[in-house]
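Worksheet: the structure to be examined is printed underneath.
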Amino acid sequence: LAKTTQPISMDSYEGQEVNITCSHNNIATNDYITWYQQFPSQGPRFIIQGYKTKVTNEVASLFIPADRKSSTLSLPRVSLSDTAVYYCLVGDIRGAGSYQLTFGKGTKLSVIP
Amino acid sequence: DSGVTQTPKHLITATGQRVTLRCSPRSGDLSVYWYQQSLDQGLQFLIQYYNGEERAKGNILERFSAQQFPDLHSELNLSSLELGDSALYFCASSVGTLRLAEETQYFGPGTRLLVL
């Protein structure tokens with residue numbers, strides 16, 4: 001069973017750029033990579049999604065290398081309100097051919113004033 | 001507000017009991033997902049339904065079952081509850097027309113279940 005791996009936690013000062021990397025072996029050829037943000041006692045919220053190379057929106061950038069076995073979420077100039085848990089999500093094909101979703105364990109980002 | 005509603009917000013029950021969690025997806029969404037989030041296991045995908053049919057299955061226990069009704073709301077049934085079932089249960093919805101990992105999921109506020 002393929003899985004995703006992320007750092008458990010990261011600390012950053014306000015105003016700095018933060019990069020969070022997710023490893024995802026056996027990602028299916030047509031699968032996308034999606035990142036979510038979660039605040040305590042709330043459901044996850046969509047941040048960004050990509051297939052390969054680089055994607056940018058108003059809140060983040062997503063870098064995906066050619067082999068697509070990892071992805072990096074980049075948050076520019078973080079603020080205290082970015083303190084949250086960040087998850088990457090990829091589709092996952094199990095050995096029996098059934099289709100599954102795999103969330104990473106999540107990275108707890110703490111932004112320090 | 002994601003547009004996904006879940007009831008109840010909190011649920012306290014005893015071991016061995018059965019409970020039903022309810023989810024209403026965003027207007028227009030055909031897919032519903034259920035997740036369990038506990039402190040030690042993180043966010044675990046349980047099951048997905050699309051337009052009333054089961055589409056994908058994750059680490060859902062045999063004691064748990066779900067269904068999606070013709071009006072597209074979904075229910076997650078948890079039976080023979082154990083202490084370890086205490087967790088936050090999230091429902092999410094999506095349009096449902098794309099491949100699973102291409103779909104943007106909109107999560108509800110969750111139901112906090114406490115089994116005593």
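Note on naming: letters A, B, ... go to the chains in the order of the sequence lines (proteins, then strands), and numbering restarts at 1 for each one.
Judged as a ring-ring contact (aromatic ring centres under 6.0 Å, His included), the pairs with a partner in residues 52-95 of chain B (not counting sequence neighbours) are, in order, B/F69-B/H73. For the salt bridge (charged side-chain N to carboxylate O under 4.0 Å, His left out) condition, the pairs that include at least one residue of residues 58-73 of chain B, sequence neighbours left out, are B/R63-B/E82, B/R63-B/D85.
Considering only heavy atoms from C-beta on, A/S79 stays 4.5 Å or farther from A/V111 through its side chain.
When the side chains of ILVMFWY residues are joined at heavy-atom separations under 4.5 Å, either directly or via intervening members, A/I64 and A/W35 end up in a single hydrophobic cluster. The cluster map of Ile, Leu, Val, Met, Phe, Trp and Tyr, joined by side-chain heavy atoms under 4.5 Å apart, puts B/Y33 and B/L46 in different clusters. When hydrophobic clusters are built by joining Ile, Leu, Val, Met, Phe, Trp and Tyr residues whose side-chain heavy atoms come closer than 4.5 Å, directly or via intermediates, B/L88 is not grouped with B/L76.
Remark: the B/D29 side chain and the B/S94 side chain contain no N/O donor-acceptor pair separated by less than 3.5 Å. Defined by atom type and a distance below 3.5 Å, a donor-acceptor pair is missing between the side-chain atoms of A/S70 and A/S23. Between the side chains of B/T20 and B/E75, no donor N or O sits under 3.5 Å from an acceptor N or O.
For A/Y87, the part lying near chain B is the side chain, with the backbone staying farther off; criterion is any non-hydrogen pair under 4.5 Å. Only the side chain of B/Q37 comes within less than 4.5 Å of a heavy atom in chain A; its backbone stays farther off. Heavy atoms of B/Y35 lying under 4.5 Å from chain A belong exclusively to its side chain.
For residues 38-48 of chain A, a heavy-atom distance under 4.5 Å to chain B picks out A/Q38, A/S41, A/Q42, A/G43, A/P44, A/F46, given by residue number. At a heavy-atom separation below 4.5 angstrom, chain A is approached by B/F107, B/G108, B/P109, B/R112 within residues 107-116 of chain B.
Within a 6.0 Å sphere centred on CD1 of A/I8, heavy atoms belonging to other residues, nucleotides or ligands number 12 at most.
Relative to the ring axis of A/Y51, A/R68 places its NZ or CZ within 45° and under 6.0 Å from the centre.
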